[in-house]
**Student:** 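Submitted below is the structure of interest, expressed as structure tokens.
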Amino acid sequence: MSSNLSVQLAPENPRGLLLDNPVMTASGTFGYGTEESPGFDIRKLGAIICKGTTLKPRDGNPQPRLVETAGGVLNSIGLENIGVDALIKEKAPVWAGWQVPVIVNIAGETVGDYARLAEKLDGVDGISGLEVNIGCPNVAAGGAEFGTSPDSAAGVTAAVRKATSLPVLVKLTPNTNNIAGVAAAVAGAGADAVSLINTIKGMAIDTAGRRPVLGNITGGLSGPAIKPVALYMVYEVAGAVEIPVIGCGGITTAGDAIEFIMAGASAIQVGTAGFNNPRAPLDVLEGIEQFMKKEGINSLTELVGIARSKGGK
Ligand SMILES: Cc1cc2nc3c(=O)[nH]c(=O)nc-3n(C[C@H](O)[C@H](O)[C@H](O)COP(=O)(O)O)c2cc1C
């Protein structure tokens with residue numbers, strides 16, 4: 001008998017968000033899913049999360065925007081994207097022909113931006129859900145990230161919730177001292193699920209040039225270097241909310257993914273790992289399947305949060 005890997009990420013939403021399996025691509029690391037990827041059958045993915053999308057097209061930050069660090073990558077792409085109108089016109093019609101759900105990641109500078117984006121994307125064929133990136137600077141609040149405080153995170157979530165009937169995932173930032181409080185606040189404001197973590201703020205210095213490496217000075221750290229931090233935050237958040245938690249941050253192998261699931265994640269996202277190994281998301285999926293077979297586990301849900309008590313096997 002084959003194992004059941006399906007997962008419902010929006011159980012309280014009338015539309016639901018049912019995935020065949022728990023493996024998704026992380027926003028900003030897999031484009032729009034429409035790019036040619038030889039040897040990669042995107043139909044096998046649980047879902048695709050597209051690039052961060054803003055109201056207007058954006059060119060992003062000055063170069064250089066990507067630098068490798070020990071066990072990770074620092075990026076300051078700055079949300080380069082085609083803008084929501086082009087996404088609706090050019091990308092959504094392609095997605096509408098796919099079985100695999102596509103979730104659009106949205107980013108704004110004001111609460112109104114997020115609401116407008118959600119409104120525009122509501123009811124568009126080919127879009128199965130929204131992922132709200134609250135790691136963006138809130139222009140009205142002097143540039144603090146929306147996701148650093150429970151109140152401002154809840155404000156964005158409530159505005160998006162009001163503007164759309166689509167399943168709403170809220171993507172949490174690790175750049176706060178209260179991620180569990182933020183998670184509880186967005187759950188209370190109508191999020192169907194939370195995903196975490198986004199990148200951790202960091203920087204690198206070019207000692208010969210005596211200046212920061214990145215054109216934007218600071219960037220966001222991702223990759224294996226952040227995995228223990230991400231795992232801990234997933235563990236914390238899974239204890240603070242009743243809605244599904246999606247784990248992300250440094251997942252490179254199936255073993256990494258299973259750690260997140262055992263910590264309480266119902267699904268996972270693979271990002272930076274795809275830069276070294278474009279097949280990483282599918283390798284992770286196949287490894288989860290093998291693990292379940294070997295351990296005699298029929299349904300993935302049996303594994304979710306299984307390591308949350310000290311008891312163990
Ligand atoms: C180049 C790059 C671009 C990213 N762009 C976005 C984005 O537009 N929106 C977003 O919510 N997260 C974005 N992220 C964050 C990832 O989706 C993910 O949360 C983070 O990289 C941690 O996962 P990883 O270690 O598996 O990459 C980006 C990450 C990278 C490396």
Side-chain angles (χ1 to χ4, degrees), residues 23-33 47-54 57-61 63-84 87 103-109 114 117 129-137 145-147 153 156 160 168-175 179 193-202 214-216 219-231 233-234 237 245-254 256-257 259-260 265 267-278 280-281 283-284:
V23 180
M24 310 183 228
T25 53
S27 177
T29 63
F30 199 68
Y32 297 97
I48 291 169
I49 313 227
C50 82
K51 247 179 204 279
T53 298
T54 49
R58 279 172 65 110
D59 292 333
N61 286 324
Q63 299 283 356
R65 313 198 289 192
L66 210 58
V67 55
E68 221 174 311
T69 60
V73 166
L74 270 172
N75 93 82
S76 61
I77 305 293
L79 295 173
E80 177 185 355
N81 78 100
I82 59 175
V84 68
L87 178 136
I103 295 163
V104 176
N105 180 285
I106 58 171
E109 294 179 344
Y114 286 97
L117 281 159
L130 302 181
E131 183 179 60
V132 185
N133 176 3
I134 57 170
C136 305
E145 290 178 35
F146 286 98
V156 174
V160 170
V168 173
L169 281 44
V170 176
K171 172 108 172 249
L172 306 179
T173 171
N175 302 315
I179 197 161
V194 285
S195 50
L196 68 149
I197 59 173
N198 210 318
T199 55
I200 300 176
K201 211 172 248 185
L214 294 170
N216 187 53
L221 185 64
S222 63
I226 71 170
K227 195 193 90 177
V229 177
L231 189 59
M233 290 184 163
V234 163
V237 165
V245 174
I246 301 158
C248 173
I251 296 176
T252 308
T253 65
D256 296 335
E259 281 192 66
F260 278 80
I268 57 96
Q269 300 178 0
V270 178
T272 302
F275 297 163
N276 273 333
N277 169 21
D283 288 348
V284 166

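Counting convention: from 1, in listed order, for ligands and their atoms alike.
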**Student:** Answer yes or no: is there a side-chain heavy-atom contact under 4.5 Å between V132 and V156?
**Tutor:**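 Yes, their side chains come closer than 4.5 Å.
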**Student:** Taking side-chain contact (heavy atoms from CB on, under 4.5 Å) as the test, write out the residues that go with A257, two or more places apart.
**Tutor:** I251, I268, V284, I288
**Student:** Determine which pairs satisfy salt bridge (charged side-chain N to carboxylate O under 4.0 Å, His left out) with at least one residue from residues 63-73, sequence neighbours left out, and list them in order.
**Tutor:** R65-E80
**Student:** Testing T53, V194, I246, N105 one by one against E131 for a side chain to side chain contact (heavy atoms under 4.5 Å, CB included), which residue passes?
**Tutor:** N105
**Student:** Find out whether P174 and N198 are in side-chain contact, i.e. whether some heavy atom of one side chain is under 4.5 Å from a heavy atom of the other.
**Tutor:**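 Result yes, sub-4.5 Å side-chain heavy-atom pair found.
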**Student:** Please identify each residue that fulfils ring-ring contact (aromatic ring centres under 6.0 Å, His included) with F260, with sequence neighbours left out.
**Tutor:**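 ring-ring contact (aromatic ring centres under 6.0 Å, His included) check on F260 returns nothing, list empty.
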**Student:** May I have every N or O pair linking ligand 1 to the protein at under 3.5 Å, one per line with atom names and distance?
**Tutor:**
{"unit_1": "ligand 1", "atom_1": "8 (O)", "unit_2": "G52", "atom_2": "N", "d": "3.1"}
{"unit_1": "ligand 1", "atom_1": "9 (N)", "unit_2": "S27", "atom_2": "OG", "d": "3.2"}
{"unit_1": "ligand 1", "atom_1": "9 (N)", "unit_2": "N105", "atom_2": "OD1", "d": "3.3"}
{"unit_1": "ligand 1", "atom_1": "11 (O)", "unit_2": "N105", "atom_2": "ND2", "d": "2.9"}
{"unit_1": "ligand 1", "atom_1": "11 (O)", "unit_2": "N133", "atom_2": "ND2", "d": "3.4"}
{"unit_1": "ligand 1", "atom_1": "11 (O)", "unit_2": "K171", "atom_2": "NZ", "d": "3.1"}
{"unit_1": "ligand 1", "atom_1": "11 (O)", "unit_2": "N198", "atom_2": "ND2", "d": "3.3"}
{"unit_1": "ligand 1", "atom_1": "12 (N)", "unit_2": "K171", "atom_2": "NZ", "d": "3.0"}
{"unit_1": "ligand 1", "atom_1": "14 (N)", "unit_2": "S27", "atom_2": "O", "d": "3.2"}
{"unit_1": "ligand 1", "atom_1": "17 (O)", "unit_2": "S27", "atom_2": "N", "d": "3.4"}
{"unit_1": "ligand 1", "atom_1": "17 (O)", "unit_2": "S27", "atom_2": "O", "d": "2.8"}
{"unit_1": "ligand 1", "atom_1": "17 (O)", "unit_2": "K171", "atom_2": "NZ", "d": "2.9"}
{"unit_1": "ligand 1", "atom_1": "19 (O)", "unit_2": "K171", "atom_2": "NZ", "d": "3.1"}
{"unit_1": "ligand 1", "atom_1": "19 (O)", "unit_2": "I197", "atom_2": "O", "d": "2.9"}
{"unit_1": "ligand 1", "atom_1": "25 (O)", "unit_2": "G223", "atom_2": "N", "d": "2.8"}
{"unit_1": "ligand 1", "atom_1": "25 (O)", "unit_2": "G250", "atom_2": "N", "d": "2.7"}
{"unit_1": "ligand 1", "atom_1": "26 (O)", "unit_2": "G250", "atom_2": "N", "d": "3.4"}
{"unit_1": "ligand 1", "atom_1": "26 (O)", "unit_2": "G271", "atom_2": "N", "d": "3.1"}
{"unit_1": "ligand 1", "atom_1": "27 (O)", "unit_2": "T272", "atom_2": "N", "d": "2.8"}
{"unit_1": "ligand 1", "atom_1": "27 (O)", "unit_2": "T272", "atom_2": "OG1", "d": "2.6"}

